[in-house]
Amino acid sequence: MELIALAQGVDLGQLRPVSGGDVGAEMGTGRGKAIVSLHAEDTFRVRICLHGAFAWSEGWTNDLVAAVGVADLWCRGGRLRELHDRFPFMSWDELAQAFEDGDPVATKWRQLLFSDWHLRDRPPLEAAHVHPDLRVFYPDISMGSLMLSRKPFDLESGLVKIMPLSEEHYRVTMWPAAFRRDVTSLNEALDVAVACFRSLSDS
C-alpha cells in the first residue's frame, strides 16, 4: 500500500498494521479511520469506520490501487456519495448518511422501531420515543436493554440504560456516574431516566 501510494503521489499519513482476524493496515483520520485488509485470496475489504466497529462505508475489491484510492479520498474529505460514485464497490446505509448529515438520532429511532429484531424490546422503545424529554437522545438496544446517549459511542458524555428485570420491573443505570435504581413500572423508569439526564446537564 505504501508503494502504491508513493507511486500515485498519495499521502496516507502513518499506516498502522492490523493483525488478528483482520490482517491489513489502517490509516487514522480526523473522521475516523480507513482500514484495508486481506479478506480472501486476492480480495481486499475496505472500511471507513467512525467509532470502533461502526462502518460508515464498506466494500470489497481485488484492486489494491482502488483500495488506496478510497483511503486517499476519505482522508482528503470525500463524502459518502462521492466515495460511491468514484468507487462503486463502496456501499453505505441510511444511518451512515444521517451521521454525515449531522442528525442520526431520528434515523436510529426509526430503524429500531421498525426492526423485526426488536419486537420484544418494543414497549420501552416506544414509550421512550413518545417521551419528549427522551426522544432527543441517541437510542440503541443491547441485550434487551434500551440505551440512550447524549453523544453516540461516547459513554463519558452521558448514557442512561433501562434494563428489564421482569414484568413491570426495570433497572436504570447511568454513566459516567455510578448510579443504579430498581423501579416497579416502565413509567417510573422513564422518569428516572429523565432525572438522570437532567442531573448530567447540571453537572
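Because only heavy atoms are used, hydrogens play no part in the values below, and waters and symmetry mates are left out as well, while side chains stay in. For this chain, numbers begin at 1 and follow the sequence in order. As the structure is a computational prediction, the values presented were derived from the model and not from experiment.
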Check your understanding: With a 4.5 Å limit on heavy-atom distance, are the side chains of Lys108 and Pro152 in contact?
Key -> no
Review point. Taking C-beta and beyond as the side chain, do Val70 and Leu83 meet within less than 4.5 Å on heavy atoms?
Key: yes
Check your understanding: For Ser157, does its backbone N or O pair with a side-chain atom of Arg150 as donor and acceptor, under 3.5 Å?
Key -> yes
Check your understanding: So, the side chain of Thr61 versus the backbone of Phe44: is there a donor-acceptor pair under 3.5 Å, distance only?
Key -> no
Point to revise | Inter- and intrachain pairs under ring-ring contact (aromatic ring centres under 6.0 Å, His included), touching residues 67-91, at least two apart | key: Trp56-Trp74, His84-Trp92
Practice item. Using atom types as modelled and distance alone, determine if a side-chain donor or acceptor of Trp109 lies under 3.5 Å from a backbone N or O of Phe137. Key: yes
Review point. Of the non-hydrogen atoms in Trp175 and Leu200, which two are nearest, and what is the gap between them?
Key: O-CD1, 4.3 Å
Exercise for review: Write out all pairs satisfying salt bridge (Lys or Arg N to Asp or Glu O under 4.0 Å) with one or both partners inside residues 117-139, taking only residues at least two apart or from two chains.
Suggested key: Asp133-Arg198
Review point. Do the non-hydrogen side-chain atoms of Ser149 and Asp140 ever get within less than 4.5 Å of each other?
Key: no
**Study point:** Test item: Glu26 side-chain N/O and Lys33 main-chain N/O as donor-acceptor pair under 3.5 Å
**Key:** no
Exercise for review: For residues Val192 and Phe179, determine if any side-chain heavy atom of one lies less than 4.5 Å from a side-chain heavy atom of the other.
Suggested key: yes
Check your understanding: Quick one: are Ser91 and Ser57 in side-chain contact, heavy atoms under 4.5 Å?
Key -> no
Check your understanding: What heavy-atom pair brings Pro123 and Leu186 nearest, and what distance separates the two atoms?
Key -> O-CD2, 3.8 Å
Practice item. Each residue besides Leu165 in its hydrophobic cluster should be listed here, by chain and number; the cluster joins Ile, Leu, Val, Met, Phe, Trp and Tyr at side-chain heavy-atom distances under 4.5 Å. Key: Met163
